[in-house]
Engineer: 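Let me give you the structure first, and then I'll get to my questions.
Along the sequence shown, residues are numbered consecutively beginning with 1.
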Amino acid sequence: MTVQGPLARFKVIDLSRVRAGPTAVRQLSDWGASVIKIESPEGDAGMGGERHGPDFQNLHRNKRSMTLNLKSPEGVDILKRLVREADVLVENYRPDVKFRLGVDYETLRKVNPRLVYGSISGFGQDGPYRERPGFDQIAQGMGGLMSITGLPGQGPVRVGIPVADLTAGIFCAMGILIALLEREQSGEGQWVQSNLLAAQIAMLDFQAARWTIGHEVPGQAGNDHPTSIPTGVFQTSDGYMNIGAAGEAIYQRFCKAIEAPELARDPDFATNADRSKNRARLNEAIGAITRKRTTAEWIARFNEAGVPCGPIYKMNEVFADPQVKHLNITRHVQHKTLGDVEVVGQAVEMSRTPWSVRSATPEPGEHTDEVLRELGLGEKEIAGLRDRKVI
């Protein structure tokens with residue numbers, strides 16, 4: 001039996017590509033929204049990645065795909081017919097493109113005043129950088145993340161995931177859900193906007209506040225926590241592990257667990273401020289001890305003592321971990337070409353209304369005819385649209 005998620009009553013038009021927009025739509029589709037992914041008949045010039053590759057398959061599950069040429073008046077007309085019955089539209093064109101195509105918010109709200117229109121851009125829908133193309137790593141650099149990532153003196157380092165893309169998409173999805181809630185009171189939709197630069201800055205959190213409130217410019221701290229010491233990576237006899245022993249009570253338990261009472265008594269390590277000031281000496285002393293036992297031995301000992309710790313996994317080890325398996329964060333789905341596909345799911349669980357992966361990522365235009373029939377078009381009309389390269 002098909003699972004009907006809590007968003008099943010909402011219809012979503014997905015005009016987005018690459019990552020930020022599809023991430024926003026994935027948040028909606030996994031919770032049951034009915035999504036139509038609009039794709040150009042000419043393809044996206046590889047901007048979405050390899051169709052049958054892991055990235056694309058993970059991003060676009062739970063959607064139907066139709067091809068539609070929005071550069072043609074007939075294509076825009078069909079989109080407007082879809083908009084009449086839609087609740088949400090998501091796009092991540094450069095800000096000027098949607099106006100040139102005639103699919104901007106002000107135009108489409110005249111077709112459907114209840115439409116919630118989600119836009120994701122590199123730098124925002126207005127302002128001096130409005131027309132600039134924006135990509136994740138550009139936002140990581142401009143948003144300050146690369147200046148605080150990596151080892152001290154190493155030079156700027158990008159984070160290993162497209163964090164600006166992903167968070168801009170998640171923030172956009174959150175805004176869309178808020179707009180849908182507000183629509184229940186006002187009866188009107190609205191324009192929801194997020195951008196990579198703002199999302200990246202928001203994700204800086206306490207590092208940003210160190211400047212905005214404390215007027216301190218944070219630097220690179222490598223694997224050490226910037227302000228809470230000792231928290232970082234320590235070598236063991238068979239690898240490395242993370243230890244988080246910040247805070248007075250935990251630090252005392254930590255010193256007892258590693259059988260080093262001298263570290264608890266040392267005045268240079270008496271407070272978090274002292275430990276931060278003398279972190280190099282403290283880390284060296286801790287490392288000399290942790291290298292005497294295996295990671296597994298230390299994890300067992302620290303967990304018994306109530307000291308936060310954990311292994312540092314490679315990706316295959318992540319998904320072999322018993323707790324990760326218990327969390328059931330992946331789902332299997334059958335793809336007509338690839339067979340069994342395991343996708344990464346949501347980090348939120350709800351007691352009555354679960355998320356689900358109901359269908360694999362579609363082939364381009366797989367549902368074009370089906371969607372057009374739902375609009376009332378006959379076979380001859382559909383064939384004519386195909387002949388005129390509208391679909």
Side-chain angles (χ1 to χ4, degrees), residues 18-20 55 122-123 129 132-168 195-247 251 254 258 263 268-269 271-291 295 298-299 302 307-318:
V18 191
R19 184 177 314 282
D55 189 12
F123 302 100
Y129 299 163
R132 289 189 183 185
F135 290 92
D136 176 82
Q137 189 159 335
I138 309 302
Q140 286 195 31
M142 293 180 67
L145 183 62
M146 293 175 69
S147 72
I148 57 173
T149 303
L151 299 171
Q154 182 180 5
V157 178
R158 71 178 292 275
V159 173
I161 60 169
V163 62
D165 274 339
L166 294 171
T167 52
N195 66 80
L196 274 59
L197 181 58
Q200 181 57 82
I201 293 170
M203 289 299 292
L204 292 175
D205 196 60
F206 80 95
Q207 293 279 46
R210 289 173 71 183
W211 166 249
T212 61
I213 298 173
H215 302 294
E216 174 188 1
V217 179
Q220 294 168 305
N223 288 319
D224 291 331
H225 190 281
T227 58
S228 299
I229 306 300
T231 298
V233 175
F234 295 90
Q235 189 173 2
T236 65
S237 65
D238 63 348
Y240 295 87
M241 68 178 297
N242 276 313
I243 301 172
Y251 180 66
F254 169 72
I258 63 173
L263 297 183
D268 284 349
F269 309 141
T271 67
N272 188 71
D274 294 325
R275 293 190 290 273
S276 293
K277 181 181 178 181
N278 300 292
R279 72 169 67 199
R281 187 165 77 85
L282 178 58
N283 284 347
E284 184 179 353
I286 293 171
I289 297 170
T290 58
R291 286 192 290 271
T295 299
W298 281 123
I299 287 175
F302 288 145
V307 175
C309 67
I312 299 174
Y313 286 149
K314 297 177 181 176
M315 207 60 66
N316 59 316
E317 295 170 320
V318 171

Engineer: On a heavy-atom basis, which atom in P226 and which in A221 lie closest, and how many Å separate them?
Structural biologist: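 Closest approach of P226 to A221: CA-CB, 4.1 Å.
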Engineer: Within the 4.5 Å heavy-atom criterion, are P230 and I243 side-chain neighbours or not?
Structural biologist: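 SC-SC contact between P230 and I243 ruled out.
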Engineer: I need the full list of side-chain hydrogen bond (donor to acceptor under 3.5 Å, both in side chains) pairs touching residues 278-287, with sequence neighbours left out, sorted by first then second residue.
Structural biologist: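 side-chain hydrogen bond (donor to acceptor under 3.5 Å, both in side chains) check on residues 278-287 returns D224-N283, D266-R281, D268-R281.
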Engineer: Identify the two heavy atoms, one from L204 and one from G144, that lie closest to each other, and give their separation to 0.1 Å.
Structural biologist: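 Looking at all heavy atoms of both residues, the closest pair is CD2-C, 4.3 Å.
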Engineer: Over 60° means perpendicular and under 30° means parallel, so tell me whether W211 and H215 are parallel, tilted or perpendicular.
Structural biologist: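 Perpendicular.
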Engineer: Once you round to the nearest 0.5 Å, how far does CE of M315 lie from CD of E317?
Structural biologist: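 Going from the CE atom of M315 to the CD atom of E317 covers 10.5 Å.
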Engineer: Please name all residues satisfying side-chain contact (heavy atoms from CB on, under 4.5 Å) with T149, sequence neighbours left out, ordered by chain then number.
Structural biologist: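 Partners of T149 by the side-chain contact (heavy atoms from CB on, under 4.5 Å) criterion, ordered by chain and then number, come out as L145, V157, V159.
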Engineer: Scan residues 138-164 for pairs that pass salt bridge (charged side-chain N to carboxylate O under 4.0 Å, His left out), counting only residues two or more places apart or in two chains.
Structural biologist: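 Listed once each, the pairs would be none.
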Engineer: Apply side chain to side chain contact (heavy atoms under 4.5 Å, CB included) to the pair F269 and I229, showing each step before the final yes or no.
Structural biologist: CA-CA 9 Å; F269 309 141; I229 306 300; over 6 Å; no
Engineer: What heavy-atom pair brings M146 and Q220 nearest, and what distance separates the two atoms?
Structural biologist: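 In terms of heavy atoms, the two residues are closest at O-NE2, 4.3 Å.
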Engineer: Taking only residues two or more places apart in sequence, or in another chain, which ones meet D165 in a side-chain contact (heavy atoms from CB on, under 4.5 Å)?
Structural biologist: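 In terms of side-chain contact (heavy atoms from CB on, under 4.5 Å), with neighbours along the sequence ignored, D165 is linked to R19, A20, D136, P162, L196.
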Engineer: Using ring pair (Phe, Tyr, Trp, His ring centres under 6.0 Å) as the criterion, list what pairs up with Y129, not counting sequence neighbours.
Structural biologist: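 For Y129, the residues satisfying ring pair (Phe, Tyr, Trp, His ring centres under 6.0 Å) (neighbours in sequence not counted) are F123.
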Engineer: Excluding sequence neighbours, so at least two apart, what forms side chain to side chain donor-acceptor pair (under 3.5 Å) with Y240?
Structural biologist: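 So Y240 forms no side chain to side chain donor-acceptor pair (under 3.5 Å) with any residue.
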Engineer: Run the side chain to side chain donor-acceptor pair (under 3.5 Å) test against N242 and tell me which residues pass, sequence neighbours left out.
Structural biologist: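 Per chain and number, N242 pairs via side chain to side chain donor-acceptor pair (under 3.5 Å) with no residue.
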Engineer: Treating T231 as the side-chain partner and S228 as the backbone partner, does any N or O pair qualify as donor plus acceptor under 3.5 Å?
Structural biologist: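 Checking the backbone N and O of S228 against the side chain of T231, a donor-acceptor pair under 3.5 Å is found.
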Engineer: Between I289 and W298, is the side chain to side chain contact (heavy atoms under 4.5 Å, CB included) condition met? List the steps.
Structural biologist: CA-CA 10 Å; I289 297 170; W298 281 123; 3.9 Å; yes
Engineer: Show me the side-chain donor-acceptor pairs of residues 232-239 shorter than 3.5 Å, one per line, residues at least two apart or across chains.
Structural biologist:
{"from": "T236", "atom 1": "OG1", "to": "D238", "atom 2": "N", "distance (Å)": "3.4"}
{"from": "T236", "atom 1": "OG1", "to": "D238", "atom 2": "OD1", "distance (Å)": "3.0"}
{"from": "T236", "atom 1": "OG1", "to": "G239", "atom 2": "N", "distance (Å)": "3.1"}
{"from": "T236", "atom 1": "OG1", "to": "G239", "atom 2": "O", "distance (Å)": "3.2"}
{"from": "T236", "atom 1": "OG1", "to": "T295", "atom 2": "OG1", "distance (Å)": "2.7"}
{"from": "S237", "atom 1": "OG", "to": "R293", "atom 2": "O", "distance (Å)": "3.1"}
{"from": "S237", "atom 1": "OG", "to": "T294", "atom 2": "N", "distance (Å)": "3.1"}
{"from": "D238", "atom 1": "OD1", "to": "T295", "atom 2": "N", "distance (Å)": "2.9"}
{"from": "D238", "atom 1": "OD1", "to": "T295", "atom 2": "OG1", "distance (Å)": "3.2"}

Engineer: Considering residues at least two apart in sequence or located in another chain, which fulfil the side chain to side chain donor-acceptor pair (under 3.5 Å) criterion with Q200?
Structural biologist: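 Partners of Q200 by the side chain to side chain donor-acceptor pair (under 3.5 Å) criterion come out as none, since no residue qualifies.
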Engineer: For Y251, which residues count as a ring pair (Phe, Tyr, Trp, His ring centres under 6.0 Å) partner, sequence neighbours excluded?
Structural biologist: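 Testing Y251 for ring pair (Phe, Tyr, Trp, His ring centres under 6.0 Å), a comparison that skips the adjacent residues, returns none.
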Engineer: Please check if atom CE in M203 has more than 12 non-hydrogen atoms from other residues, nucleotides or ligands closer than 6.0 Å.
Structural biologist: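 Not buried by this count: 12 neighbours or fewer within 6.0 Å.
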Engineer: Could you tell me which residues satisfy side-chain contact (heavy atoms from CB on, under 4.5 Å) with E216, sequence neighbours excluded, listed by chain and number?
Structural biologist: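 side-chain contact (heavy atoms from CB on, under 4.5 Å) check on E216 returns R210.
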Engineer: Sequence neighbours excluded, which residues qualify as side-chain contact (heavy atoms from CB on, under 4.5 Å) partners of V18?
Structural biologist: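 Result, side-chain contact (heavy atoms from CB on, under 4.5 Å) vs V18: M47.
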